[in-house]
Amino acid sequence: MFGYIEANAALLSEEQLSRYKGCYCGLCRALKERHGQLSRITLSFDMTFLIMFLSSMYEPEETSGEGGCMVHPIKKRGYWSDRFTDYAADMNLALAYYNCLDDWKDEHNALRFAQAKAFEGRYKKIKELWPRQCEAIEGCINSLSEIEKRSDSEADDAANCFAELMGELFVCEEDSVWSSRIRNFGQALGRFIYMMDACVDLEKDRKHSRFNPFIREGGESVTEDDRLLILKMLAGECTRIFEMLPLLQDVDIMRNILFSGVWHQYALAIRKNKEDTQVDK
């Protein structure tokens with residue numbers, strides 16, 4: 001369900017792209033420092049957005065610099081980070097840990113099980129730091145599993161469950177005066193992303209007889225036009241809440257992600273699915 005919250009780099013200015021990549025590199029460095037070299041394989045643009053969002057809301061002090069890494073060993077790359085970078089690194093690993101467990105449970109993927117075991121100790125420490133968020137992740141994964149097994153599940157049940165998870169993830173500081181509005185935004189974004197992912201996985205879920213909110217009882221699918229209409233409505237609600245928040249720093253980059261980037265990633269995923277389907281035939 002993650003992997004869509006990414007910028008459309010072609011529409012960013014050179015300055016914006018440098019800022020965006022700097023945030024991503026800062027997250028990568030935080031993962032290594034907090035959770036070891038292996039954790040860098042979980043690096044996510046989704047959490048890059050979370051850093052930019054929270055940093056724009058609270059405008060904490062930043063640190064910046066340049067450095068090399070295994071991927072870019074020769075040319076140094078700029079990075080920046082703040083206190084939300086560490087938070088996002090922890091959430092990144094927590095989500096990756098449960099994603100690995102979920103893949104093991106659904107597909108019996110031995111590699112994913114091995115990765116989960118490698119991250120298990122780090123996850124326990126993260127849960128001590130962020131119990132509310134980790135309990136939300138655990139609760140969501142368990143609830144989604146139950147929803148997908150029930151024959152009487154409503155189309156919105158799973159999306160609302162994932163929305164609750166994203167709402168808790170976006171609220172880093174519960175006692176903030178903005179926490180309720182931030183939670184509302186996270187929930188709206190989560191609902192939109194879940195349904196977008198369901199669109200992408202529609203044919204695969206039908207093939208394997210898995211739950212999908214766009215497959216009606218009897219196996220008939222919601223029409224493509226109706227699916228797109230639902231996505232546009234959910235995206236509209238998400239961006240409406242976003243525009244009501246006091247965001248100034250990096251707001252144009254975040255608008256790029258919400259108004260263009262997510263749709264660009266969606267189009268790429270749909271295209272890949274069609275190509276994979278043609279190969280299978």
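In this chain, residues are counted from 1 in sequence order.
Among all heavy-atom pairs drawn from A188 and C238, the shortest one is CB-CA, 3.8 Å. Nearest approach of F211 to A158, heavy atoms of both residues: CE2-CB, 3.8 Å. Shown here for C134 and Y123, the closest heavy-atom pair between the two residues is CB-OH, 3.4 Å. Taking each heavy atom of A88 and L27 in turn, the nearest pair found is C-CD1, 4.0 Å. Nearest approach of T85 to W80, heavy atoms of both residues: OG1-O, 4.5 Å. Across all non-hydrogen atoms, the minimal contact from C199 to L231 is SG-CD1, 3.8 Å.
Around CD of E173, the count of heavy atoms belonging to other residues, nucleotides or ligands within 6.0 Å exceeds 12.
When atom types are taken as modelled, the side chain of N92 and the backbone of S44 share a donor-acceptor pair closer than 3.5 angstrom. Without hydrogens or angle criteria, R227 side chain to V222 main chain gives a donor-acceptor distance under 3.5 Å. For the pair S179 (side chain) and E174 (backbone), a donor-acceptor distance under 3.5 Å is present. S39 contributes a side-chain N or O that, together with a main-chain N or O of G36, makes up a donor-acceptor pair within less than 3.5 Å. For D205 (side chain) and R210 (main-chain N/O), no donor-acceptor pair under 3.5 Å exists by modelled atom type. The backbone N or O of V171 lies less than 3.5 Å from a partner atom in the side chain of R132, making a donor-acceptor pair. Looking at D82, its side chain never comes within 3.5 Å of a backbone N or O of E61 through a donor-acceptor pair. A donor-acceptor pair under 3.5 Å is formed between the side chain of R122 and the backbone N or O of R34.
The structure places OH of Y194 at 14.0 Å from CE of M166, a figure rounded to the nearest 0.5 Å. Taken to the nearest 0.5 Å, the CG atom of L11 stands 11.0 Å off from the CG atom of L17. In this structure, I5 CD1 and I257 CD1 are separated by 8.5 Å, a value rounded to the nearest 0.5 Å. Of the inter-residue distances, the one linking D90 atom CG with M47 atom CE reads 11.5 Å to the nearest 0.5 angstrom. The CE atom of M91 sits 12.0 Å away from the OG1 atom of T42 when rounded to the nearest 0.5 Å. Rounded to the nearest 0.5 Å, atoms NZ (K272) and CG (L268) are 11.0 Å apart.
Contact check on R183 versus E168 returns a salt bridge, with a Lys/Arg side-chain nitrogen under 4.0 Å from an Asp/Glu carboxylate oxygen. Between E128 and K125 there is no salt bridge, since none of the side-chain N atoms of the basic residue sits less than 4.0 Å from a carboxylate O of the acidic one. Salt-bridge formation is detected for the pair K127/E138: a Lys NZ or Arg NE/NH1/NH2 atom is positioned less than 4.0 Å from an Asp or Glu carboxylate oxygen.
Ring geometry for F185 versus F242: interplanar angle of 30 to 60°, hence tilted.
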inquiry  = Under the criterion side chain to side chain contact (heavy atoms under 4.5 Å, CB included), I'd like the reasoning laid out for Y58 against S176: C-alpha separation, chi angles, the key distance, then a yes or no.
reply    = CA-CA 10 Å; Y58 298 105; S176 166; 2.8 Å; yes
query = Could you walk me through whether L95 and L169 pass the side chain to side chain contact (heavy atoms under 4.5 Å, CB included) check?
reply = CA-CA 10 Å; L95 289 166; L169 234 62; 3.5 Å; yes
task = Mind running ring-ring contact (aromatic ring centres under 6.0 Å, His included) on Y20 and F45 for me, showing each step along the way?
result = CA-CA 10 Å; Y20 185 56; F45 275 108; 5.5 Å; yes
query = Run the side-chain hydrogen bond (donor to acceptor under 3.5 Å, both in side chains) check on D250 and S56 step by step: do they pass?
reply = CA-CA 7 Å; D250 299 321; S56 187; over 6 Å; no
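Taken together through direct or relayed side-chain contacts under 4.5 Å among Ile, Leu, Val, Met, Phe, Trp and Tyr, M195 and L229 form parts of separate hydrophobic clusters. When hydrophobic clusters are built by joining Ile, Leu, Val, Met, Phe, Trp and Tyr residues whose side-chain heavy atoms come closer than 4.5 Å, directly or via intermediates, M244 is not grouped with L258. In terms of hydrophobic clustering, with Ile, Leu, Val, Met, Phe, Trp and Tyr side chains grouped at heavy-atom distances under 4.5 Å, L248 and L12 are assigned to different clusters. Under a hydrophobic-cluster definition in which Ile, Leu, Val, Met, Phe, Trp and Tyr are linked whenever side-chain heavy atoms come within less than 4.5 Å, directly or via other members, L50 and Y79 are assigned to different clusters. Residues L228 and I193 share a hydrophobic cluster, clusters being chains of Ile/Leu/Val/Met/Phe/Trp/Tyr side chains in contact below 4.5 Å.
Residues D252 and N256 have side chains not in contact (no heavy-atom distance under 4.5 Å, counting atoms from C-beta outward). Between C140 and E164 the shortest side-chain heavy-atom distance does not fall below 4.5 Å. E62 has its side chain out of reach of S81: every pair of non-hydrogen atoms, C-beta onward, lies at least 4.5 Å apart. Within the 4.5 Å cutoff, no side-chain heavy atoms of D197 are placed close to those of F162. I137 places none of its side-chain heavy atoms less than 4.5 Å from the side chain of Y97. With contacts defined as side-chain heavy-atom distances shorter than 4.5 Å, the pair N8/W263 does not qualify. Under the 4.5 Å side-chain criterion, counting only non-hydrogen atoms from C-beta, F49 is in contact with F170. Two residues are said to be in side-chain contact when any heavy atoms from C-beta on lie closer than 4.5 Å; R29 and R77 fail this criterion.
Aromatic ring centroids of Y87 and W130 lie under 6.0 Å apart.
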